[in-house]
**Student:** 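Please find one structure pasted underneath; my questions will follow.
As the structure lists them, so they are numbered: ligands from 1, and atoms in each ligand from 1. We're numbering straight along the sequence, starting at 1.
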Amino acid sequence: MDHFLYRDGNLFAEDVAIADIAAAVGTPFYVYSSATLLRHFKLFDDALDWTDHLVCFAMKSLSNQAVLKLLGDTGAGMDVVSGGEYARARAAGVPGDRIVFSGVGKTKEEMRMALEGGIRQFNVESEPEMKALSDVASSMGVEAPITIRVNPDVDAKTHAKIATGKSENKFGIPISRGREVYAMAAALPGLKVIGIDVHIGSQLTELEPFGLAYEKVAELTEALRADGHEIKRLDLGGGLGIPYEQGNSRPPLPTEYGALIREKVGHLGCEIEIEPGRLVSGNAGLLVSKVIYVKEGEDREFLILDAAMNDLVRPAMYEAHHDIVPVIEAPIGTEYVPYDIVGPVCESGDTFAKGRQMQPLQDGDLVAFRSAGAYGAVMSSEYNSRPLIPEVLVQGDQFAVIRARPTFDEMINRDTIPEWL
Ligand code: LLP
């Protein structure tokens with residue numbers, strides 16, 4: 001459930017009319033609902049209340065400072081994958097002991113930064129990375145708390161570009177080599193093994209792959225304990241999917257996911273961490289855009305929007321579906337017409353939807369892309385020299401711009417011309 005509902009045919013974000021934000025901020029823009037973000041975070045938090053746990057928001061999905069502060073202030077941890085994300089989490093006030101550092105290519109500089117600033121744990125993904133971390137921590141005279149990310153060779157049954165738990169994927173160490181690699185970690189100076197990490201992919205719409213992976217993690221936990229390792233924490237990753245097509249899919253609920261975790265690993269008495277991104281932020285955000293032109297093609301009508309693939313790349317990159325709805329609804333009984341919905345960028349890939357049934361629209365009308373809070377703004381670019389679009393946060397009847405649209409000058413002046421030109 002989200003807090004983007006119609007009142008008398010007008011789309012609202014909580015108690016603010018989207019049309020009012022558009023008038024104040026200009027289009028296109030992202031808008032997030034605080035109540036939805038907090039609600040989704042709490043669903044996960046409650047689903048794990050049977051045990052000691054920490055929900056670490058995968059901030060790669062949405063990393064605006066205001067959003068991080070909102071979630072961090074309610075007790076969320078953060079899952080970070082770069083020095084930049086670590087710095088963002090800290091700047092938003094999240095303490096180091098609530099930050100887990102994931103990612104397949106952490107550099108020594110990033111390791112040092114996190115060890116200096118405070119870190120809950122590193123999720124180590126390979127032997128060379130383990131050795132690098134051992135070097136950095138030893139040279140600083142500290143111990144780095146680690147889990148090792150195992151690759152359970154499970155089919156996550158999701159889009160190939162976001163599946164991470166098969167042996168052909170670059171992530172983690174093969175679970176079959178788990179005991180060997182943990183033995184190596186235990187022998188290295190500067191490392192303190194505390195647990196196991198696994199993450200098999202994103203936008204999973206069934207529980208079964210999670211179950212298979214978690215069973216393997218439970219087996220490994222027992223084997224490692226028998227080998228003398230202290231395994232007290234399991235980081236079970238993120239990946240729970242959201243319903244991108246309203247009415248057409250019902251991915252498992254966080255409560256069902258929490259119950260599955262309890263069933264598969266509850267008996268081990270470990271502290272549980274999870275790293276949800278999309279389910280916290282996805283349905284908490286809209287991308288709002290304006291129709292620039294309705295163009296008659298040979299055999300179809302194009303709705304040309306002022307948002308483009310540089311603002312929301314998911315349809316071009318993953319053939320992703322986003323529901324696109326009018327901000328002002330036509331009267332009940334209005335007949336829908338099919339549109340190809342496109343942006344102004346100069347490539348045919350800049351297509352959001354083909355033959356999408358919509359109420360008839362015209363120049364100046366506003367539309368909203370649903371489920372755009374996750375992997376929307378964070379994946380945007382200034383391709384075609386289109387300035388990054390603003391982000392707006394709503395809470396009740398208030399809204400604020402939480403990232404302003406740069407002016408053309410601001411965008412251009414990030415470049416420098418060498419004096420010898
Ligand atoms: N933990 C790790 C180690 C991850 O790699 C990811 C996502 C997550 C947690 C969060 O997964 P989530 O709960 O959001 O599914 N750009 C793509 C999604 C990439 C996901 C990458 N890793 C998209 O737009 O669909």
**Student:** Return the minimal non-hydrogen interatomic distance between V94 and A76, and the atom names on each side.
**Tutor:**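 That would be CG1-O, 4.3 Å.
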**Student:** So is there a nitrogen or oxygen of S102 less than 3.5 Å from a nitrogen or oxygen in ligand 1?
**Tutor:**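 No, since none of the N or O atoms of S102 sits under 3.5 Å from an N or O of ligand 1.
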**Student:** Residue-level breakdown please: for R314 versus ligand 1, do any non-hydrogen atoms fall below 4.0 Å on the side chain, on the backbone, on both, or on neither?
**Tutor:**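 It is the side chain that touches ligand 1; the backbone stays farther off.
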**Student:** Does any N or O of ligand 1 fall below 3.5 Å from an N or O anywhere on G277, backbone included?
**Tutor:**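 G277 vs ligand 1: N/O contact under 3.5 Å present.
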**Student:** State whether the shortest distance between N or O atoms of Y375 and N or O atoms of ligand 1 falls below 3.5 angstrom.
**Tutor:**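 Such a contact does occur with ligand 1.
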**Student:** Where's the contact between A58 and ligand 1, heavy-atom distance under 4.0 Å: side chain, backbone, both or neither?
**Tutor:**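 Under 4.0 Å from ligand 1, A58 contributes side-chain atoms alone.
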**Student:** Is any N or O atom of S61, backbone or side chain, closer than 3.5 Å to an N or O atom of ligand 1?
**Tutor:** no
**Student:** Are any of the N or O atoms of L240 closer than 3.5 Å to those of ligand 1?
**Tutor:**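 Min N/O separation from ligand 1 is not below 3.5 Å for L240.
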**Student:** Just checking, is any N or O donor in the side chain of Q121 or N123 under 3.5 Å from an acceptor N or O on the other one?
**Tutor:** yes
**Student:** Do S371 and H322 meet the criterion of a side-chain donor-acceptor pair at a distance under 3.5 Å?
**Tutor:** no
**Student:** Considering the options L62, L286, L70, which one meets the side-chain contact (heavy atoms from CB on, under 4.5 Å) requirement together with Y32?
**Tutor:** L62
**Student:** Just checking, any donor-acceptor pair under 3.5 angstrom between side chains of Q203 and T158?
**Tutor:**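 No, because no side-chain N or O of Q203 sits under 3.5 Å from a partner of the opposite role on T158.
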**Student:** At a 4.0 Å threshold, what atoms of ligand 1 neighbour a non-hydrogen atom of P276?
**Tutor:** 13 (O)
**Student:** Record the part of L204 in heavy-atom contact with ligand 1 below 4.0 Å; permitted values are side chain, backbone, both and neither.
**Tutor:** neither
**Student:** Counting only heavy atoms, which portion of M317 has something under 4.0 Å from ligand 1: side chain, backbone, both, or neither?
**Tutor:** neither
**Student:** Below a 4.0 angstrom heavy-atom separation, can you tell me which part of R149, side chain or backbone, both or neither, approaches ligand 1?
**Tutor:**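 It is the side chain that touches ligand 1; the backbone stays farther off.
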